[in-house]
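Written below as structure tokens is the structure these notes are about.
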Amino acid sequence: DTEVTQTPKHLVMGMTNKKSLKCEQHMGHRAMYWYKQKAKKPPELMFVYSYEKLSINESVPSRFSPECPNSSLLNLHLHALQPEDSALYLCASSSRQGANEQYFGPGTRLTVT
Amino acid sequence: AQSVTQLDSQVPVFEEAPVELRCNYSSSVSVYLFWYVQYPNQGLQLLLKYLSGSTLVKGINGFEAEFNKSQTSFHLRKPSVHISDTAEYFCAVSESGAGSYQLTFGKGTKLSVIP
């Protein structure tokens with residue numbers, strides 16, 4: 001099973017709202033990732049967690065706050081977002097072994113109004 | 001640092017015709033190579049990967065890719081495409097070795113299959 005699940009599928013939020021995106025995997029992977037993807041562009045890496053610790057933060061604004069409660073779950077807390085933050089947010093996981101290939105979830109389509 | 005160039009942003013092809021999506025990479029170290037497919041409004045799905053060994057790699061949905069070290073290329077091919085292959089295709093590279101996190105993506109190639 002190479003499934004990564006993400007909820008919600010769609011999210012519309014105002015600039016003053018607080019919301020969270022959720023990601024879950026049951027493949028025993030020990031690395032989890034958040035990406036942002038704008039239309040007609042490749043995904044851009046935001047954060048990497050390895051063994052539940054934040055390993056990479058690609059200079060993401062503090063209005064995005066990641067959290068890894070355990071090895072299967074990854075959250076992205078959103079607060080005071082801007083309209084330009086509207087995008088597809090993808091979660092991925094990898095085993096940290098071999099080629100460490102990443103498996104992606106279906107994404108959350110976020111619209112900031 | 002590595003980079004990936006996908007030479008064609010759009011490739012239209014008739015149904016049942018063969019297709020080749022081109023990918024070139026640049027890196028100062030050994031790399032792993034990947035092709036991902038993204039259907040409309042979905043996440044990325046791993047099509048195939050090259051780690052080492054045989055330079056011809058077979059993936060899902062009838063796709064295959066050939067690694068050419070001298071030309072630093074990893075082109076994706078399918079002998080006969082279907083309407084359902086219409087999607088965005090991303091070539092990606094990561095440094096080989098102990099579990100590199102960073103995937104460097106190309107800009108993507110939009111494959112449109114014409115009935």
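The shown structure was predicted, so the numbers you read here are calculated from the model rather than taken from an experiment. Side chains included, hydrogens not; waters and symmetry mates left out as well; all remaining heavy atoms used. Letters A, B, ... mirror the listed sequences (proteins, then strands); counts begin at 1.
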_Distance-minimising heavy-atom pair for A:Pro42 and B:Phe90_ = CA-CE2, 3.5 Å
*Sort B:Tyr36 into side chain, backbone, both or neither according to what part of it lies under 4.5 angstrom from a heavy atom of chain A.*
side chain
*To the nearest 0.5 Å, what is the distance between CG (A:Leu45) and CZ (B:Phe105)?*
9.0 Å
*Is there a path from A:Met15 to A:Leu110 through hydrophobic residues (I, L, V, M, F, W, Y) whose side chains come within less than 4.5 Å of each other?*
yes
*Which pair of heavy atoms, one from A:Ala99 and one from B:Ser94, lies closest together, and at what distance?*
O-OG, 4.3 Å
*Any link between A:Trp34 and A:Phe104 through a network of hydrophobic side chains (Ile, Leu, Val, Met, Phe, Trp, Tyr) touching at under 4.5 Å?*
no
*Return the option, out of A:Cys91, A:Gly107, A:Ser50, with the maximum number of heavy-atom pairs under 4.5 Å with chain B.*
A:Ser50
*Which atoms of A:Ser55 come close to chain B, meaning under 4.5 Å heavy atom to heavy atom: side chain ones, backbone ones, both, or neither?*
side chain
_For B:Lys110, is the NZ atom crowded, meaning more than 12 foreign heavy atoms sit under 6.0 Å from it?_
yes
_Separation of B:Leu103 CG from A:Tyr35 OH (nearest 0.5 Å)_ = 4.5 Å
*asked:* Tell me if the NZ atom of A:Lys38 is crowded by more than 12 foreign heavy atoms within 6.0 Å.
replied: yes
*ILVMFWY cluster, A:Met46 and A:Leu73 together (side-chain gap under 4.5 Å)*: no
_Segment of A:Gln37 engaging chain B (4.5 angstrom heavy-atom cut-off)_ = side chain
*Indicate, with yes or no, if B:Phe34 and A:Met27 share a hydrophobic cluster defined by side-chain heavy-atom contacts under 4.5 Å among Ile, Leu, Val, Met, Phe, Trp and Tyr.*
yes
*Proximity of residues 41-63 of chain B to chain A, residues having a non-hydrogen atom under 4.5 angstrom*: B:Asn41, B:Gln42, B:Gly43, B:Leu44, B:Leu46, B:Lys49, B:Leu51
*Kindly work out whether a path of hydrophobic side-chain contacts (I/L/V/M/F/W/Y, heavy atoms less than 4.5 Å apart) joins B:Leu7 to B:Val11.*
no
